[in-house]
Amino acid sequence: MEWCLKQPKIELHAHLNGSVRNSTLLELAKVQGEKGVVVFADVEHVIMKNDRSLVECFKMFDLIHVLTTDHETVTRITREVIEDFAAENIVYVELRTTPKRNEAKGMTKRSYMEAVIDGLRSVDTVDVSFIPSDLNRENSSRYFASNDNGITRRRIFVRLLLSIDRRESTAAAMDTVQLALELRSLGVVGIDLSGNPLVGNWDTFLQPLLFAKDKGLPITLHCGEVKNRKEEVQAMLDFLPQRIGHAIFFEEQQWKQLKQSKIPVEICLTSNIRTECVTSINNHHFADLYASKHPIVLCTDDTGIFSTSLSREYRLAASAFGLGEMELFQLGKNSIEYVFADEVVKKSLREIFDSATPKLPL
Ligand SMILES: CNc1ncnc2c1ncn2[C@@H]1O[C@H](COP(=O)(O)O)[C@@H](O)[C@H]1O
Ligand SMILES: [Zn+2]
């Protein structure tokens, strides 16, 4: 299934710190080990572990955050993640990350995001387009000066989503929404609510999310990732976000409501199976949503944490649900309609996909 790699693809659910290369994490752990911040021998086998429960995933995120917590490293991991995505023919990615404050490192939520944006600017294996189209003309020479020498390079469109972590307070969530509004001209297109689904309450985030909605910022919510959150799932569905991540533990009535709403669902097959939120690929709700033509997007969630890639997720969908090259191409192309970027980007994406349409066998 070489075509899974070759096809143009769109990634709409990828967490920056969950997508770091293992080799980079090991290198960072060595440095922090020498400084006595971590014990390298302990950390090494945690990094290399393959199967992680949901609880272990969140312990792993805490470890990753210890390793990536300075501006320079945030810039580096952003660059590497975008290079890895571009290398497997992802043509548009919405990369999400939680802006972090860290007084010891002189880091504010804003300076964290500036480090991420520096990472986008520092990619040199591919042409990164992250400035919104209406501003792109005047800014392109500034950001892409190296492209003016006549060499044409592949392009990846990158947009950013700012994540609110479920551990945060209402005030901290509001800071993130404010920051997202301030950074719209630098490619921030929306808000994500994520973090350990076993902690935090929807009520804490309602006011900042309503504010974001009021300001026209699209929102995607991690919804129904764990059992026994019936009321929260209901409140999230009633909120009418622009997209939903996972959508696993829904009651029958909520499932109906989701389908009627036509809210696109970001599907992360490997993530759901590794964390045992779905018992096996044969029981995955992808099949039901696909059969009922509900808007869905195949995504990775955390390529690093789950040792996966978007091509691998396409391959998995092809083999588990019997989809062929044309069907997966069409599924990928449909995602254009669910991106948070503007119409100009959507038009470019349509052209990219049209020119890559697989040839039907004669
Ligand atoms: C496995 N399923 C998941 N469910 C919920 N939240 C998740 C997640 N995977 C990742 N994150 C969220 O993304 C953060 C890491 O990236 P950033 O530091 O933001 O770049 C995690 O700390 C968590 O808040
Ligand atoms: Zn996620």
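- Of the charged side-chain nitrogens involved, at least one lies within less than 4.0 Å of a carboxylate oxygen, so that Asp51 and Arg274 count as a salt-bridged pair.
- Listed by chain and residue number, Arg350 satisfy the side-chain hydrogen bond (donor to acceptor under 3.5 Å, both in side chains) test with Glu337 (two or more places apart in sequence, or in another chain).
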For a salt bridge (charged side-chain N to carboxylate O under 4.0 Å, His left out) check, start with the C-alpha distance between Arg101 and Glu103, then their side-chain angles and the critical distance, and finish with the verdict. CA-CA 6 Å; Arg101 283 182 54 200; Glu103 271 171 39; 3.1 Å; yes
Passes salt bridge (charged side-chain N to carboxylate O under 4.0 Å, His left out), Glu232 versus Arg166? Steps please. CA-CA 13 Å; Glu232 178 176 289; Arg166 296 180 61 107; 2.9 Å; yes
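- Residues Met236 and Phe211 share a single hydrophobic cluster, defined by chaining ILVMFWY side chains whose heavy atoms lie under 4.5 Å apart.
- Side chains of Leu258 and Leu237 form a contact here, defined as non-hydrogen atoms less than 4.5 Å apart.
- Shortest non-hydrogen contact noted between Gly304 and Asn22 is O-OD1, 4.3 Å.
- Residue Leu160 forms a side chain to side chain contact (heavy atoms under 4.5 Å, CB included) with just one option from Thr78, Leu120, Leu183, Val93, and that option is Leu120.
- Between His13 and Ser271 there is no side-chain heavy-atom pair separated by less than 4.5 Å.
- Between the side chains of Arg312 and Thr308, at least one donor N or O lies within less than 3.5 Å of an accepting N or O.
- Contact check on Lys59 versus Glu56 returns no salt bridge, with no Lys/Arg side-chain nitrogen under 4.0 Å from an Asp/Glu carboxylate oxygen.
- Each of Val116, Asn17, Ile64 was checked for a side chain to side chain contact (heavy atoms under 4.5 Å, CB included) with Ile77, and the lone residue meeting it is Asn17.
- Neither side chain, Asp84 nor Thr303, offers a donor N or O lying under 3.5 Å from an acceptor on the other.
- Of the charged side-chain nitrogens involved, none lies within less than 4.0 Å of a carboxylate oxygen, so that Glu27 and Arg21 do not count as a salt-bridged pair.
- In terms of hydrophobic clustering, with Ile, Leu, Val, Met, Phe, Trp and Tyr side chains grouped at heavy-atom distances under 4.5 Å, Leu161 and Leu349 are assigned to different clusters.
- Checking Thr73, Ile47, Thr24 one by one against Leu67, the side chain to side chain contact (heavy atoms under 4.5 Å, CB included) holds for a single residue, Ile47.
- Considering all non-hydrogen atoms of both residues, Asn283 and Thr279 come closest at ND2-OG1, 2.7 Å.
- Within a 6.0 Å sphere centred on CD of Glu351, other residues, nucleotides and ligands contribute more than 12 heavy atoms.
- With hydrogens and angles left out, the side-chain atoms of Thr220 and Asp192 include no donor and acceptor closer than 3.5 Å.
- Taking the charged nitrogens against the carboxylate oxygens, Arg167 and Asp62 do have a contact shorter than 4.0 Å, which makes a salt bridge.
- Taking 4.0 Å as the cut-off between side-chain N and carboxylate O, Arg110 and Glu114 count as a salt-bridged pair.
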Set out, in order, the CA-CA distance, both residues' side-chain angles and the distance that settles salt bridge (charged side-chain N to carboxylate O under 4.0 Å, His left out) for Glu94 and Arg243, then state yes or no. CA-CA 12 Å; Glu94 274 170 28; Arg243 293 199 310 254; 2.8 Å; yes
